[in-house]
Amino acid sequence: MSSLTKSLSKYILFSYHKNHQEVILKVYNYLINENLPVLIDIQDGINKNIYDNMDGMIESISGLICFLSPMYESSKRCQLEIQFAKTEGIPIIACRLLPNWKPSGWLNKIIYNLSIIDLQDLHQKNFHNKIKKLEDKIIWLLDNGKNSPIMSYSSNDMLLIDRSLVLEDSYMESINENLDLNYLKKQPINYRALPSNCRLYLSNLMVCNNEYILINGNNHLHLFDKNLKLIRSNQTIKINETNLRDLIWCSNSNNFIILTRKQIYFLNPITCKLSIIENIKLTNGQEEFISCSCSDDKFFLITCQLNSNTFFFHEFNLPTFRFLRKLIIRDFMGTSLYIQNGFFNKYDIQQIVSIRYFQQRIAIIMEINSHWFIYIFNLYEKFYFLKEIPLDNKSRMIILNSINQWILFKDYLANSFIQINLNQNKEFIDYSKGFIDFGGQIFSAALLGTSNLVFIINNTLVLYKI
């Protein structure tokens, strides 16, 4: 493409800081070679002040790819570009270029609910795998168009998503073939847009019991009923999205348990009042709560000692929260050592996201040497390692069935989830070929009762029968 007039009628525009021009050109050239209609100012003969003449170009723009970095966030030009796209309803694809950095301020307000594609540390060996995710997103966007209801935002709180867009027909056959147990029907049985006061700073943590759905939005906890209607909120205690670590239901106490970095609360579903669980306290200022789970008579907790990055497993009796035992998780990982380039380090647990209980076992999702795994441990009298399951990325899990069904979904905005089954031979089978692809992005998921799955998809609660 030598000029704008010679370009395709629909195209994807690049937005980036000039300091990253070298890597941006590599991305651009790859996408051009894949016959994708991407446009970049320095390469396509467009005036560098392209956004001065955008009014006549809006209908031709299918999306904006923004390449995020601290320089991008500090650039007035980049700010104008992405704000223009947001204001005009142009879909934004966000890519992060640098590690150990997160957007803040005005930029975070624009992209906080977007799934950010990781383009950190691009080099020859990982280039294709990382760019493939961007390529897939561009193709999806071009196929669906910027006016797709599932992609756009609405100021009308009661606007509901189009049922026909939630599940694609092409996947239904593979779902039936691959999932030997329950699978989702095509149509949701109910859906409702979240009220506007629940959308800001929405956490991706959600939990249900048989009657209620609990989420955290706008720094407060909100309860919904089975009809997806907001029934009450807790306005007395603010719980910041970044401070919240886990939400679980405790049937022993008939309360939700709210885990933050430094405190544990009960939430009464009838009154929506919070009360501190006094029996469990951190031992020092360098310790934080990470995740929790419970059985009928036990409460399980993971903490982290920040100055040594050591993760601990704790077990308590219910309902008194009487202490039973405390273990260092890395000491019980058995012979499962992550081996790379001829050496291993079983102690390099970088993160733990979630712990979940099932059938006298504990499943822990953790990052080891920049790779994600589910580690399964036995919970009988002797705590010991059972199984390692590799994951393709940071994820969270729902226990669908206490014996053999889990749902895994990404710990960021994504348009799919997978089911993992535990068969009679105690081997784990990955049913990722049977994944269900949504027309929108899954923000969170939870099991309501024993036969319903609730998703948050593009600020909408969507309920499925399983």
Side-chain angles (χ1 to χ4, degrees), residues 205 207 209 244-269 274-336 346-347 349 351-366 368 373-389 396-399 401-403 406 422 426 447:
L205 295 174
V207 67
N209 60 8
L244 183 63
R245 289 300 173 86
D246 215 341
L247 302 172
I248 65 169
W249 169 251
C250 180
S251 58
N252 187 289
S253 63
N254 285 318
N255 279 274
F256 290 101
I257 293 179
I258 316 302
L259 188 74
T260 67
R261 291 171 60 245
K262 297 293 186 179
Q263 197 63 265
I264 310 178
Y265 300 90
F266 275 138
L267 183 133
N268 186 317
L274 287 167
S275 57
I276 295 175
I277 299 176
E278 299 285 358
N279 296 29
I280 303 177
K281 294 185 181 297
L282 295 170
T283 57
N284 58 70
Q286 288 296 314
E287 192 176 16
E288 288 188 353
F289 297 124
I290 300 298
S291 183
C292 62
S293 188
C294 63
S295 64
D296 292 337
D297 59 352
K298 298 289 194 308
F299 177 70
F300 310 105
L301 179 67
I302 290 180
T303 61
C304 178
Q305 190 68 32
L306 300 179
N307 52 4
S308 62
N309 205 41
T310 303
F311 293 89
F312 297 90
F313 169 84
H314 308 252
E315 186 174 341
F316 302 84
N317 257 335
L318 290 174
T320 61
F321 290 95
R322 180 173 61 85
F323 173 79
L324 294 176
R325 57 179 166 173
K326 178 180 178 181
L327 309 168
I328 299 176
I329 293 174
R330 69 186 179 201
D331 291 346
F332 291 85
M333 293 172 67
T335 57
S336 179
K346 78 171 182 177
Y347 303 106
I349 304 177
Q351 293 185 63
I352 288 182
V353 170
S354 180
I355 179 176
R356 289 297 178 259
Y357 168 85
F358 72 108
Q359 285 292 300
Q360 289 297 317
R361 298 170 189 174
I362 280 291
I364 302 176
I365 295 181
M366 64 179 76
I368 301 173
F373 302 89
I374 303 175
Y375 272 76
I376 313 297
F377 297 91
N378 182 73
L379 265 185
Y380 289 99
E381 290 186 8
K382 183 179 179 182
F383 186 90
Y384 61 87
F385 166 80
L386 288 175
K387 184 73 177 181
E388 171 196 276
I389 305 173
R396 290 188 179 271
M397 98 184 92
I398 309 164
I399 307 297
N401 179 292
S402 60
I403 300 176
W406 304 346
L422 176 62
K426 309 301 181 188
L447 183 67

S.K.: Do Ile257 and Phe266 come within less than 4.5 Å of each other through their side chains, counting heavy atoms only?
M.R.: yes
S.K.: For Gly285 and Lys262, work out which heavy atoms get closest and say how close.
M.R.: O-NZ, 3.0 Å
S.K.: Can you tell if the side chain of Lys298 reaches within under 4.5 Å of the side chain of Leu324, non-hydrogen atoms only?
M.R.: yes
S.K.: Scan Phe385, Phe332, Tyr384 and name whichever one has a side-chain contact (heavy atoms from CB on, under 4.5 Å) with Asn378.
M.R.: Tyr384
S.K.: What is the minimum heavy-atom distance between Ile352 and Ile364, and which atoms define it?
M.R.: CG2-CG2, 3.7 Å
S.K.: If you measure from CG on Leu318 to CZ on Phe300, what distance do you get to the nearest 0.5 Å?
M.R.: 8.0 Å
S.K.: Going by side-chain contact (heavy atoms from CB on, under 4.5 Å), Arg245 matches just one of Leu259, Leu205, Ile258. Which one?
M.R.: Leu259
S.K.: Please determine whether side chain to side chain contact (heavy atoms under 4.5 Å, CB included) holds for the pair Asp246 and Ser291, giving the CA-CA distance in whole Å, both sets of side-chain angles, and the decisive distance to 0.1 Å.
M.R.: CA-CA 6 Å; Asp246 215 341; Ser291 183; 2.5 Å; yes
S.K.: Got a second to check how far Leu267's CG is from Leu274's CG, nearest 0.5 Å?
M.R.: 5.0 Å
S.K.: Atom OH of Tyr265 and atom CD1 of Ile277: how far apart are they, to the nearest 0.5 Å?
M.R.: 10.5 Å
S.K.: Please examine the side chains of Cys292 and Ile302, heavy atoms only from C-beta on, and report whether any two atoms are closer than 4.5 Å.
M.R.: no
S.K.: Determine whether Ser251 and Asp296 make a side-chain contact, defined as any pair of heavy atoms from C-beta on separated by less than 4.5 Å.
M.R.: yes
S.K.: Determine yes or no for a side-chain-to-main-chain donor-acceptor pair under 3.5 angstrom, with Thr310 supplying the side chain and Gln305 the backbone.
M.R.: no
S.K.: Would you call Tyr375 and Ile368 a side-chain contact if the rule is heavy atoms closer than 4.5 Å?
M.R.: yes
S.K.: At what distance, to the nearest 0.5 angstrom, does CD1 of Ile290 lie from CD of Gln351?
M.R.: 9.0 Å
S.K.: List the steps and the verdict of side chain to side chain contact (heavy atoms under 4.5 Å, CB included) for Leu301 and Phe289.
M.R.: CA-CA 8 Å; Leu301 179 67; Phe289 297 124; 3.6 Å; yes
S.K.: Output yes when a side-chain donor or acceptor of Lys387 lies under 3.5 Å from a complementary backbone atom of Ile374, and no otherwise.
M.R.: no
S.K.: How many angstroms lie between atom CZ of Arg356 and atom SG of Cys294, to the nearest 0.5 angstrom?
M.R.: 9.0 Å
S.K.: Looking at SG of Cys304 and CG of Leu282, how far apart are the two atoms once the value is rounded to the nearest 0.5 Å?
M.R.: 11.0 Å
S.K.: For Gln263, is there any backbone N or O sitting under 3.5 Å from a side-chain donor or acceptor partner on Lys281?
M.R.: no
S.K.: Once the angle between the rings of Phe299 and Phe316 is folded into 0 to 90°, is it parallel (under 30°), tilted (30 to 60°) or perpendicular (over 60°)?
M.R.: tilted
S.K.: Is atom CG of Asn284 surrounded by more than 12 heavy atoms (other residues, nucleotides or ligands) closer than 6.0 Å?
M.R.: yes
S.K.: Heavy-atom distance under 4.5 Å between the side chains of Phe321 and Ile264, does that happen here?
M.R.: no
S.K.: Between Ile280 and His314, is there a side-chain heavy-atom distance shorter than 4.5 Å?
M.R.: no
S.K.: Can you name the one residue among Tyr357, Phe358, Phe383 that meets ring pair (Phe, Tyr, Trp, His ring centres under 6.0 Å) with Phe377?
M.R.: Phe383
S.K.: Is the shortest side-chain heavy-atom distance between Asn252 and Pro319 below 4.5 Å?
M.R.: yes
S.K.: Can you list the steps and then say if Asn279 with Phe323 is a side chain to side chain contact (heavy atoms under 4.5 Å, CB included)?
M.R.: CA-CA 9 Å; Asn279 296 29; Phe323 173 79; over 6 Å; no
S.K.: Whether the side chain of Asn309 engages the backbone of Ile349 through a donor-acceptor N/O pair (distance < 3.5 Å, no angle test) should be reported.
M.R.: yes
